[in-house]
Amino acid sequence: MRCDNGRMNQLLRIATRKSPLALWQSEHVAAALREAHPGLEVRLVPMSTRGDEVLDRSLAAIGGKGLFLKELELAMQRGEADCAVHSLKDVPMELEPGFALPAVLERADHADAFVSNHYDDVSRLPDGAVVGTSSLRRQAQLRALRPDLRLRDLRGNVNTRLARLDAGDYDAIVLACAGLQRLGFDGRIRCRMTAPGWLPAPAQGAIAIECRDDATDVLALCAALEHADTRTCVVAERSMNRALHGSCHVPVAALATLGQEPGEPATLRLDGMVGSAADGRAVRASLQGSAEDAVAIGVEVAQALLARGAGDLLAEVL
Ligand SMILES: NCc1[nH]cc(CCC(=O)O)c1CC(=O)O
C-alpha cells in the first residue's frame, strides 16, 4: 500500500501466480477493487511458485499445497506486494502467522465437472476406462462409484489438463466447474457432479484475498469484497477439514449450503466425506444447524466422520 508521487492515488499491488486461472482470478479481484474504490490504482505482480514449477513429483512429496502460497507471502513480507489472491481450496487450514484473509468473494459454481470427448458421465464410461486426476478426493469418489476404472495422475494447470485429455491420454478427467467457467471452457463440461452423491473440495469455487494482518489499509480496502454467506459456508467446510487433520492433500470433501425459511434464522447444512483413493471405502456424515454455529457444525461433522472410521482412512495418506 503506497501513495504514489504526490498524485494522491493509492496503489494496491496484488501478488499472483502466473497460471491462466490465477491471472483471471487476480484480474477479477482487481476489477472489483477498482469498482469498489474509485481512484484506487490496482496492479498485478505475477510470480512463479515452486508448486507451479515442480510438475514431475506429487504435491505431497514437495511439501503440500502451501507451496503455492509461500512465494506470494514472502513478497508481501518484503513489501513488494500488498495482498495475494488464491483459490480458497488451495489455502491451508492454518495460515502462516502474521497473515489474514480479509475477504472471501461470492462463490462461483462449487461442483466438479466430468470432462470427456466421448462419454456423458461416469456411469457411461466403458469397463476399465482411464480417468485422469491427481486429487485423492476425486480418486476416492471415482473408486466408490466405479471400482473398475483405471485412475491415472494428471497435474498441471487447467489448460494443460484439457490438452492431455484431447491428446488421448485419458477417456475422461475431472476438474472444477469454476475453473473451466472462468477460463471460458464451459462447453467442455459434460456433466456437473453434484451433492450428495459427489462432494467438492472444502471451499471449492471460492476466491480469497490474503494480506498481512497488520496492514490496516489493505484489510479495509479488501473487506469491501467480502460475501458473508460464502464466508459462513467455507468457515464450516474448513472447520471440518481442520478438525480432521489440518492439511489439504487428503481425500476429504465437504459442502455447506444455506437455507432460509421466511421468518426463521438462516440454517446451514454441512455434508462431509472422507474416502480411500486405494479402494473406494468412504464414510459420510451431515448435520444441519444455525448458520451462526458454522465452526461448531464443522467440528461435529468431523467428529461424526471420525466415529465412523475416518481416522483409519486418513492414516493411509498422512
Ligand atoms: N487444484 C487446482 C485448482 N484450484 C482451484 C481450482 C478451481 C477453481 C476453484 O475451485 O475456485 C483448481 C482447478 C481444479 O481443481 O480443477
Side-chain angles (χ1 to χ4, degrees), residues 16-29 32 49-55 58-60 62-69 72 84-93 101 103-116 131-142 153-165 170 172-186 188-195 198-210 225 227 230-231 233-234 237-238 241 247-256:
T16 175
R17 294 165 53 200
K18 288 181 186 164
S19 73
L21 180 59
L23 288 171
W24 187 97
Q25 293 178 168
S26 296
E27 290 288 4
H28 176 73
V29 167
T49 70
R50 242 178 94 64
D52 295 301
E53 280 160 12
V54 184
L55 288 175
S58 79
L59 279 180
I62 54 175
K65 281 192 179 173
L67 284 182
F68 289 120
L69 279 75
L72 308 185
V85 170
H86 308 294
S87 296
L88 186 52
K89 79 164 175 176
D90 296 330
V91 175
M93 299 316 112
L101 299 180
V104 174
L105 278 69
E106 182 170 10
R107 192 176 226 174
D109 194 336
H110 62 258
D112 274 336
F114 179 83
V115 181
S116 170
V131 182
T133 174
S134 291
S135 151
L136 295 177
R137 173 185 62 83
R138 289 172 179 151
Q139 289 178 2
Q141 294 186 96
L142 286 165
D153 271 329
L154 174 56
R155 279 197 57 209
N157 65 45
V158 172
N159 311 59
T160 310
R161 295 188 214 186
L162 290 172
R164 289 193 59 191
L165 172 73
Y170 310 92
I173 62 178
V174 181
L175 290 168
C177 285
L180 290 166
Q181 287 160 354
R182 287 170 186 151
L183 294 175
F185 294 124
D186 315 45
R188 304 294 302 252
I189 301 173
R190 290 295 277 261
C191 94
R192 290 177 72 249
M193 306 170 84
T194 51
W198 184 282
L199 294 177
Q204 184 159 304
I207 295 170
I209 310 179
E210 182 186 24
L225 305 194
H227 188 261
T230 300
R231 173 80 72 165
C233 290
V234 300
E237 293 161 10
R238 285 168 62 82
N241 204 19
S247 110
C248 302
H249 199 67
V250 286
V252 172
L255 178 64

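Note that the coordinates shown come from a computational prediction; the quantities given were computed from them, not determined experimentally. We count ligands from 1, going down the list as the structure has it; atoms in each ligand are counted the same way.
Looking at heavy atoms from C-beta onward, L72 lies in side-chain contact with H86 at the 4.5 angstrom threshold. Side-chain contact check for R138 versus L154: every heavy-atom pair is 4.5 Å or farther apart.
Between Q204 and ligand 1, a contact under 3.5 Å exists for no N or O pair. The shortest N or O to N or O distance between D90 and ligand 1 is below 3.5 Å. Considering backbone and side-chain N/O atoms, G205 comes within less than 3.5 Å of an N/O atom of ligand 1.
Here the shortest heavy-atom distance to atom 12 (C) of ligand 1, taken over H110, K89, R107, belongs to K89. Among A176, G156, A108, the residue whose heavy atom sits closest to atom 7 (C) of ligand 1 is A176.
Listed by chain and residue number, nothing satisfies the salt bridge (charged side-chain N to carboxylate O under 4.0 Å, His left out) test with R161 (two or more places apart in sequence, or in another chain). For R238, the salt bridge (charged side-chain N to carboxylate O under 4.0 Å, His left out) test picks out no residue, with sequence neighbours left out.
Of all the heavy atoms of R138, the ones lying under 4.0 Å from any atom of ligand 1 belong exclusively to the side chain.
Listed by number with element, the atoms of ligand 1 under 4.0 Å from a non-hydrogen atom of L175 are 16 (O). Near S87, meaning under 4.0 Å from any of its heavy atoms, are these atoms of ligand 1: 4 (N), 5 (C).
Remark: side-chain polar atoms of R137 are paired, donor with acceptor, to backbone N or O of L199 under 3.5 angstrom.
Remark: of the listed residues L175, L183, L162, L162 is the sole one forming a side-chain contact (heavy atoms from CB on, under 4.5 Å) with R188.
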